[in-house]
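Computed over heavy atoms, backbone and side chain alike; hydrogens, waters and symmetry mates excluded.
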Amino acid sequence: MTEMTYREALKQGLREEMQRDERVFIMGEDVGKNWGGAFKVTKGLAEEFGDERVRDTPISENTIAGAAVGAAITGLRPVAEIMFGDLITLAMDQVCNQAAKMRYMFGGQTSVPLVLRTVFGGGKNIASHHSQSLEAWFMHTPGLKIALPAFASDVKGLIKTAIRNPNPVLFFEHKLVYDKKEEVPDEEYLIPFGEAKVRREGADVTIWGTMFMLHKALDAAEELAKEGISVEVIDPRTLVPLDKKTLLDSVKKTGRLVVVTEETKTGATTAEIAAMVQEEAFDWLDAPIIRVNAPDTPVPFSPPLEQFFIPDKKRIMDAVRSIV
Amino acid sequence: MVDKKTLVDLYTRTLKVRLFESKVWDIFGQNLIPGTLHLYLGQEAVAAGVTAALKKTDWIQSTHRGHGHVVAKGADMKRAMAELLGKSTGSCKGKGGSMHITQFDVGVLGATGVVASGLPIAVGAALSCKMRGTKDVVACFFGDGASNNGTFGESLNMSSIWKLPVIWVVENNFYAMGTPIKWTCPSESIAQRAEGYCIPSKVVDGNNALEVYEAIVEAVERARKGDGPSLVECRTYRMKGHSRFDPAKYRPKEETEYWLSRDPVEIIKKIAIEQGALTEKEAEKIEKKLQKEVDAAAEFAIKSEYPKPEEALEDVFAEEAA
């Protein structure tokens with residue numbers, strides 16, 4: 001095991017897959033030598049693998065995504081990067097109409113083994129066009145796998161699984177986790193899709209959350225423990241496929257559930273999780289399921305506004321306290 | 001110049017698409033085809049000229065008006081016809097239909113219901129050909145309407161900076177549904193737009209399969225040599241309306257008459273006969289043989305079963321390796 005940042009662990013995963021499989025290549029805006037990715041994830045890879053395999057592109061999101069589709073169906077394993085998750089709006093046709101539907105529309109004649117990496121979330125005061133959390137749109141689009149690792153120890157194993165997956169995989173990262181450090185295995189490891197991880201065990205309340213909210217949920221759980229409230233924290237790690245069992249088992253144990261993400265509340269992934277749990281574990285619930293989300297507004301710029309917008313530890317703690 | 005065998009090939013491909021689409025129109029009239037159709041009647045010479053210039057391993061990217069592309073590229077007509085009827089024996093198992101008619105194994109990347117969405121996919125396929133060193137090329141069909149979409153600029157640009165082996169084939173039939181191209185494009189030609197991306201371009205008579213073929217051969221050579229993309233604007237015309245119930249009354253009578261007098265099948269037949277590649281009798285023999293194949297395809301499609309309803313749940317994801 002070696003302690004390293006999320007960024008480094010992700011880069012190691014990309015590097016290992018590029019060494020293992022010459023079909024794997026990276027493309028996106030500023031991923032190459034001059035910049036190494038807006039968040040420096042691919043820094044150094046162009047020097048190592050060359051400009052052909054770490055390919056800078058024009059600012060053409062729809063064609064970046066579409067080119068990844070075309071390359072994937074003809075024998076390559078593209079890892080395309082959309083610099084900010086907000087800009088995936090420009091590539092929606094290729095992601096949702098082409099990548100997601102091709103295998104189905106064509107009756108299984110082809111598959112689309114691509115990875116599309118992008119970054120979500122607020123906390124950097126970069127306002128409405130660089131801070132959103134849009135994962136629900138894609139969870140609502142059949143045909144896409146979705147991984148959203150929040151920890152260094154997961155990101156390496158998940159990017160490797162994503163690259164080897166025969167389906168289109170959306171790989172969502174969060175801006176505030178790149179510098180977070182954890183022990184990461186030195187030997188090769190793969191994390192299967194659809195396996196949640198219990199990040200903290202507890203008996204009274206289950207918190208299900210994603211991305212940076214998991215870090216806040218763990219902080220909240222630590223403090224609540226001092227109050228005598230035992231919280232279990234579940235990280236799904238992939239939204240599609242979704243590990244229902246780990247969550248339902250936990251809910252059956254605790255009888256209480258708080259779901260927390262950084263998305264705006266209406267139609268968020270938390271709504272889907274809450275609906276699923278009440279359908280499948282209603283009899284085990286001792287309290288209403290509480291959603292903790294951002295308000296239904298664009299992400300604001302000014303620090304006090306943004307801090308108000310993004311769910312914080314206190315809101316998570318209040319939600320837990322309200323149902324115990 | 002073009003040899004006799006090629007002329008016969010061009011005639012055969014043009015006619016094959018004509019007979020296939022005519023049959024589709026017939027069956028459609030019998031209410032056997034669900035949904036809508038975008039017929040290729042009138043534009044046959046484009047698909048014929050382009051595909052005759054390609055190898056089997058080369059790729060084409062099709063559009064919403066894709067039957068002709070797929071058939072000309074060598075698709076199994078039985079599976080193609082069955083797909084239009086929504087049968088389980090269709091190439092897409094009845095999940096795609098007219099707008100997604102595709103046969104991957106003969107080099108069709110896909111047919112798409114979103115105008116202009118094929119261009120980025122062609123960029124990726126061409127990049128793949130280049131990076132894998134296959135020497136294969138990609139011919140990407142799209143219409144005059146698609147050339148007004150953002151992907152046109154993005155994709156032409158990317159193909160040019162990376163010198164990708166792609167041939168941009170504009171099928172300019174002068175109407176985006178009912179909107180004339182002169183309302184939406186300020187330049188005399190769509191080909192002119194390629195200049196801004198440093199892509200050589202040409203305007204050809206899209207009802208003349210030989211003219212299309214010759215332009216595409218040149219573009220294919222350039223692409224295979226690694227010199228990058230070309231754009232060929234093929235001017236052609238729909239014999240029918242845009243889709244199922246469109247009588248195309250928005251088109252001036254004189255214009256329609258002019259184009260209908262320039263039948264792509266007759267044009268290539270005349271050329272082939274004049275150049276001694278074909279006799280009337282041989283042409284007739286080819287037609288009989290093709291008609292038989294088309295009729296058999298229709299019969300196969302009509303007799304085939306519909307998919308079981310629960311098959312709707314299959315083919316969303318490819319299975320992951322254990």
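For CE of Met276(A), the number of neighbouring non-hydrogen atoms (other residues, nucleotides, ligands) closer than 6.0 Å is greater than 12. More than 12 heavy atoms of other residues, nucleotides or ligands shown are found within 6.0 angstrom of CD on Glu311(B). Residue-environment remark: CD (Gln19(A)) exceeds the threshold of 12 foreign heavy atoms within 6.0 Å. Within a 6.0 Å sphere centred on NZ of Lys55(B), other residues, nucleotides and ligands contribute more than 12 heavy atoms. Within 6.0 Å of CD on Glu305(B) lie no more than 12 heavy atoms contributed by other residues, nucleotides or ligands. Remark: Lys130(B) NZ is packed, more than 12 non-hydrogen atoms of other residues, nucleotides or ligands lying under 6.0 Å away.
Between Glu154(B) and Pro58(A) there is no side-chain heavy-atom pair separated by less than 4.5 Å. At a threshold of 4.5 Å between non-hydrogen side-chain atoms, the residues Pro166(A) and Glu319(B) do not count as touching. Counting heavy atoms from C-beta outward, His100(B) and Phe106(A) have side chains that approach closer than 4.5 Å. Looking at Met105(A) and Thr102(B), their side chains never come closer than 4.5 Å, going by heavy atoms from C-beta outward. The side-chain heavy atoms of Ile121(B) and Ile73(A), taken from C-beta on, include a pair separated by under 4.5 Å. Side-chain contact between Arg53(A) and Met131(B): present, with at least one pair of heavy atoms (C-beta onward) separated by less than 4.5 Å.
The cationic group of Lys145(A) lies under 6.0 Å from the six-membered ring centre of Phe317(B) and within 45° of the ring axis, placing it in a cation-pi geometry.
Residue contact with chain B, scored on non-hydrogen atoms closer than 4.5 Å, involves the backbone and the side chain of Gln109(A) alike. Contacts between Glu52(A) and chain B at a heavy-atom distance below 4.5 Å involve backbone atoms as well as side-chain atoms. Both the backbone and the side chain of Ile64(A) come within less than 4.5 Å of a heavy atom in chain B. Neither the backbone nor the side chain of Arg23(A) comes within contact range of chain B; no heavy atoms are under 4.5 Å apart. Neither the backbone nor the side chain of Glu22(A) comes within less than 4.5 Å of any heavy atom in chain B. Looking at Asn97(A), only its side chain comes within 4.5 Å of chain B, counting heavy atoms on both sides. For chain B, the nearby parts of Thr57(A) are the backbone and the side chain; heavy atoms of each come within less than 4.5 Å. Heavy-atom distances place no part of Ala116(B) under 4.5 Å from chain A, backbone and side chain included.
Between chain B and the residues Pro192(A), Gly66(A), Ser111(A), Ala65(A), the largest count of heavy-atom pairs under 4.5 Å involves Gly66(A). Interface check for chain A: of the options Val114(B), Val138(B), Asp105(B), the most heavy-atom pairs under 4.5 Å are formed by Val114(B). Across Ser91(B), Gly90(B), Ala111(B), the residue that shares the most heavy-atom pairs under 4.5 angstrom with chain A is Ser91(B). Ranking Ala122(B), Ala318(B), Cys129(B), Gly118(B) against chain A, the residue ahead of the rest is Ala318(B), based on heavy-atom pairs under 4.5 Å. Looking only at heavy-atom pairs under 4.5 Å with chain A, the residue among Ser155(B), Ala126(B), Gly94(B) that has the most is Ser155(B). The residue among Leu109(B), Ile161(B), Thr151(B), Thr134(B) with the most heavy atom pairs within less than 4.5 Å of chain A is Leu109(B).
Closest of all the heavy-atom pairs between Ala67(A) and Val123(B) is CB-CG1, 4.0 Å. Residue Asp93(A) comes nearest to Ser117(B) through the heavy atom pair OD2-CB, 3.0 Å, listed as atom of the first residue, atom of the second, then distance. Here the shortest heavy-atom pairing between Asp56(A) and Trp162(B) reads O-CZ2, 3.5 Å. For Asp315(B) against Arg103(A), the heavy-atom pair with the smallest separation is O-CG, 3.4 Å. Taking each heavy atom of Gly75(A) and Ser128(B) in turn, the nearest pair found is N-OG, 4.4 Å.
If you take CG on Leu127(B) and OG1 on Thr74(A), they are separated by 8.5 Å, rounding to the nearest 0.5 Å. Note that OG1 of Thr161(A) and CD of Glu320(B) are 8.5 Å apart. Values are rounded to the nearest 0.5 Å.
Here the side chain of Tyr104(A) pairs a donor or acceptor atom with the backbone of Ala312(B) at under 3.5 angstrom.
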